[in-house]
Amino acid sequence: MWIRRGTTPEGAHVPSRRTVLAATMGVTASLAVGGTAHADDKSLRALISRMTLPEKVGQLFVMRVYGHSATAPDQADIDANLSEIGVRTAAELIATYRVGGIIYFTWAHNTRDPHQVADLSNGIQKASLKQPRGLPVLIATDQEHGAVCRIGAPATLFPGAMAIGAGGSPADARTLGRISGAELRAMGVNQDYSPDADVNVNPANPVIGVRSFGADPDAVAALVAAEVRGYQSSQVAATAKHFPGHGDTAVDSHFGFPVITHSREVWETLDAVPFRAAVGAGIDSIMTAHIMVPALDDSGDPATLSRPILTGILRGELGYDGVVITDSLGMEGVRQKYGDDRVPVLALKAGVDQLLNPPSLDIAWNAVLKAVQSGELTEARLDESILRVLRLKARLGLFEEPYVSRAGVDRTVGTAAHRATADAIAGRTTTLLVNRAGLLPLSRRAHGRVLVVGADPASPSGTTGPPTGVLAAALTELGFTATAQSTGTEPSAATVSAAVAAAGAVDAVVVATYNVTASSAQKTLVEQLLATGRPVVAVAVRNPYDVAQLPAVSAYLASYSWTDVELRAAARVIAGRVRPRGKLPVAVQRADDATQVLYPIGHGLSY
C-alpha cells in the first residue's frame, strides 16, 4: 500500500506508515498507532539481532554531509563529499556506512529554505529505509536560537538562551521549545542539540557565553527543564549540553583542551544542577563536553572519553539511561591526547551511544568495527547503545511517520502566530543596564533624527541582519528618521571619523557593540561619538559585559544576540513602545577590577 504523504526530492511517492513498519519491524503489532510510537525492548532487540555487524557500527554514527538534496546535490557539494567522506551524496553515505543519524549545517548547504529541508529529510529517510533491514534516521541540527541557529528565516527565530535567561520565564522557554520543535519536526528534523545547560560563570568564556541561560544554576535549571519539555512535546528529542559543564572556561574546545578546576563540591552545586533538572524532565539525549575535570576524573582524559564521568556519574549517580552523544569528534578538545582511530572506541568504552561528526568517518567507522572484531569492544556493548538509539527513534514516532509533507511545512513553519509569539517573548528579554538622566525612551520630537552605527556580525542563521540596518529600519517604522552606517567590529580611524562626522547631522546616535575589549577600536568609536555631545545609546548585541568597558555611555541596553527578533525588541524599548523588563542573568564585573561587581545578577532598569 502506498499513499502520497509528501514528495521526495526525486519526485517519487513516499511510503505509508504500514510500509515502513513492514520494512523495519517485520510486524506492525510491535508498535502502537495513534501518533506516538512505542516499541517494547523485545521487539527492538529482535531488530538488533537481525542486523549485521557493519550495520550495527553505522547506527552509532551521526555524520555531516554536503548538499541540499539526498541524491542530487550541487557539484561543489559532491566534490566536498568525495573529498571528506568518500561518497557523492547523502544517499551514498547511508548505503556505504548505514549511519543512524545525519546532522544539518548551514555551511554544508543543508538548510536553504523550509521546503528544501523537508525534501532533504524525506530523501534521507527514503535512502535509509530502502536498504536491507533499513531503519529511520535521526536527523539533527543545532537550533539553539540566538547566537547558534542553523535554520533561518522564514522559519521562526527566537531569542537565544541568555536573552531567555534575562526574561526569566520558564513558560516562555517551554513555548520556545514547543514552537521551535514543531517547526523542526515539520521539516523532518527530529533531534535538536539544544538547550545549552552550561552555567556561564566566566565572562571570558569564548565558546558558551550567551548560549547559556545565565550564571545562577537554579535559574538555568528551571529554564533548561522547561525548554526540554517544550521540544519533546513536539516530538523532537532535546539534547542538554555540554556534560559535565562547559560554563567556566577561557578555552574554546573547538581549538584547545579546556580544564575545569572546580572541586567536586562546586561541580555538584553549580554545573550538575541543570543536568539533574534535564534528567528529571525526561531529556532524550545529553551531549558530552571535550573538557578535562580532574575532580571528576584525574586520568587526564576529556569527559567524552571518561568512563568515571559518563558511566559512573551521568548514568550511575544522575540515573540517566537515555542517549549520550559526543560533541563533534572533529574538535581539538577530544583529539589532542588520542588519534582519530582511538577516540570513537574510547568514547564507546566510556558509555557514549552516538558518535558525532568524526573528521574521517572511514577511519572512525573502521576503528569501531576492528575493535569489535579484535574483542576490545563486545558486540553486546554495541547492542546496548543501539537499543537506546532505537528506543529514541521509536519514542519519536519515526517507525510510524518518518516522512514529512510540504503541506505540513506550510501549516507550521514561520507562521504569523509563531513570529508574533517570538516577538512577544523577545519584548520581555531586553535589559536596560544604564539610563542616566532618563535619556530613554528617546523622544521622536527631541531625537527624531537617529544615526545607527556599530558592529554588523554575520547572522547566526545567515538570513537576518545586518544589525545596524535592522535597528535603523525598526526605528524608522516606529516614527524616527533613522539611517544606518556600519562601522564593523574593528573600525579604522577613517571609519570612526566618518561616523563622528555623520553624528553632527542627527539628534541621537545608537551604536551596536559586539564583544568590546579594553583595546577595542569599538571603544574608540563610542568615546569619540560621546565627545560630539550627541546623546549616545549603546546596545550590546552579544555579551552584556560590553557595558563595563564603556562607563560613560548614558544609556546601555543588552539584547544578548543580533538576530532580527532581539534587535526589533531593543528598538521598541528605545522608542518607548514597550518598557524594558529583562534582568541580568549574569554578573558584570568592573573593567578595571574584576573582583568588583558593577552590575549584579538581577540588575535591570525600567521606565
Side-chain angles (χ1 to χ4, degrees), residues 6-15 20 23-24 51-142 150-151 187-191 328-330 340-341 344 354-370 398 402-404 462:
T7 305
T8 67
E10 296 74 36
H13 298 305
V14 297
V20 175
T24 58
M51 296 168 66
T52 67
L53 178 57
E55 289 167 2
K56 290 181 177 182
V57 172
Q59 275 300 297
L60 304 175
F61 283 93
V62 180
M63 190 60 184
R64 70 190 179 278
V65 65
Y66 290 86
H68 71 286
S69 162
T71 57
D74 295 338
Q75 186 61 48
D77 293 323
I78 291 173
D79 294 342
N81 285 329
L82 287 170
S83 174
E84 295 185 18
I85 314 173
V87 300
R88 294 168 54 85
T89 66
E92 286 186 15
L93 168 66
I94 290 166
T96 304
Y97 291 102
R98 300 300 294 272
V99 294
I102 284 179
I103 179 173
Y104 288 168
F105 290 106
T106 309
W107 52 260
H109 310 138
N110 304 137
T111 59
R112 289 181 178 177
D113 63 74
H115 283 154
Q116 169 270 318
V117 175
D119 288 345
L120 174 60
S121 300
N122 282 342
I124 286 168
Q125 299 292 6
K126 181 182 177 185
S128 185
L129 289 165
K130 77 177 184 181
Q131 300 299 320
R133 297 166 299 281
L135 294 167
V137 177
L138 285 171
I139 298 175
T141 198
D142 294 282
R150 310 302 189 198
I151 302 175
M187 293 180 280
V189 178
N190 45 59
Q191 186 176 21
S328 170
L329 297 183
D340 292 338
D341 58 334
Q354 286 187 302
L355 301 161
L356 177 62
N357 205 24
S360 169
L361 180 58
D362 186 62
I363 289 173
W365 189 93
N366 279 293
V368 174
L369 182 69
K370 291 173 184 175
L398 296 181
Y403 297 103
V404 295

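For the single chain, residues carry numbers from 1 onward in sequence order.
To the nearest 0.5 Å, the span separating CZ on R88 from OG1 on T71 amounts to 11.0 Å. Rounding to the nearest 0.5 Å gives a distance of 13.0 Å between CG of L356 and CG of L60. Of the inter-residue distances, the one linking K370 atom NZ with D341 atom CG reads 8.5 Å to the nearest 0.5 angstrom. Within the model, atoms CG of L135 and CD1 of I94 stand 11.0 Å from one another, a figure rounded to the nearest 0.5 Å. The distance from the NE2 atom of H109 to the CG atom of L120 is 13.0 Å, given to the nearest 0.5 Å. With rounding to the nearest 0.5 Å, the separation of CG in D113 from CD1 in I151 is 10.5 Å.
Taking T96 as the reference, V87 meet the side-chain contact (heavy atoms from CB on, under 4.5 Å) condition, with sequence neighbours excluded. Qualifying side chain to side chain donor-acceptor pair (under 3.5 Å) partners for D362, counting only residues two or more places apart in sequence or in other chains: Y97, N366.
Inter-residue side-chain proximity for P402 and K126 is flagged as unmet; no heavy-atom pair is nearer than 4.5 Å. Here the side chains of I85 and E92 are not in contact, with every heavy-atom distance at 4.5 Å or above. Between V137 and V99, the closest side-chain pair of non-hydrogen atoms is not below 4.5 Å. Looking at F61 and P358, their side chains come closer than 4.5 Å, going by heavy atoms from C-beta outward. Looking only at side-chain heavy atoms (C-beta outward), D142 and F105 come within less than 4.5 Å of each other. With contacts defined as side-chain heavy-atom distances shorter than 4.5 Å, the pair L138/N190 qualifies. Looking at W365 and P344, their side chains never come closer than 4.5 Å, going by heavy atoms from C-beta outward.
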- side chain to side chain contact (heavy atoms under 4.5 Å, CB included) between L329 and D340, intermediate numbers included: CA-CA 8 Å; L329 297 183; D340 292 338; over 6 Å; no

- Intermediate values then yes/no, side chain to side chain contact (heavy atoms under 4.5 Å, CB included), W107 and R64: CA-CA 10 Å; W107 52 260; R64 70 190 179 278; 3.9 Å; yes

- Query: Passes side chain to side chain contact (heavy atoms under 4.5 Å, CB included), I102 versus L93? Steps please.
  - Reply: CA-CA 10 Å; I102 284 179; L93 168 66; 4.1 Å; yes

- Item | Pair T52-R133, side chain to side chain contact (heavy atoms under 4.5 Å, CB included): steps then yes or no | CA-CA 9 Å; T52 67; R133 297 166 299 281; 3.8 Å; yes

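A donor-acceptor pair is defined here as one N or O able to donate and one able to accept, closer than 3.5 Å; such a pair exists between the side chain of Q131 and the backbone of A127. Within the 3.5 Å criterion, the main-chain N or O of S121 finds a donor-acceptor partner in the side chain of Y104. Side chain of S128 to backbone of G134: no donor-acceptor contact under 3.5 angstrom is found. Here the side chain of N122 pairs a donor or acceptor atom with the backbone of V404 at under 3.5 angstrom. The closest donor-acceptor contact from the side chain of D74 to the backbone of A76 lies at 3.5 Å or more, if one exists at all. Checking side-chain atoms of Q116 against main-chain N and O of N110 turns up a donor-acceptor pair under 3.5 Å.
What you find for N357 and M63 is that their closest heavy atoms are OD1-SD, 4.0 Å. In terms of heavy atoms, Y66 sits closest to N81 at N-OD1, 2.8 Å.
Pairs passing the salt bridge (Lys or Arg N to Asp or Glu O under 4.0 Å) check and including a residue from residues 99-109, sequence neighbours excluded, do not occur.
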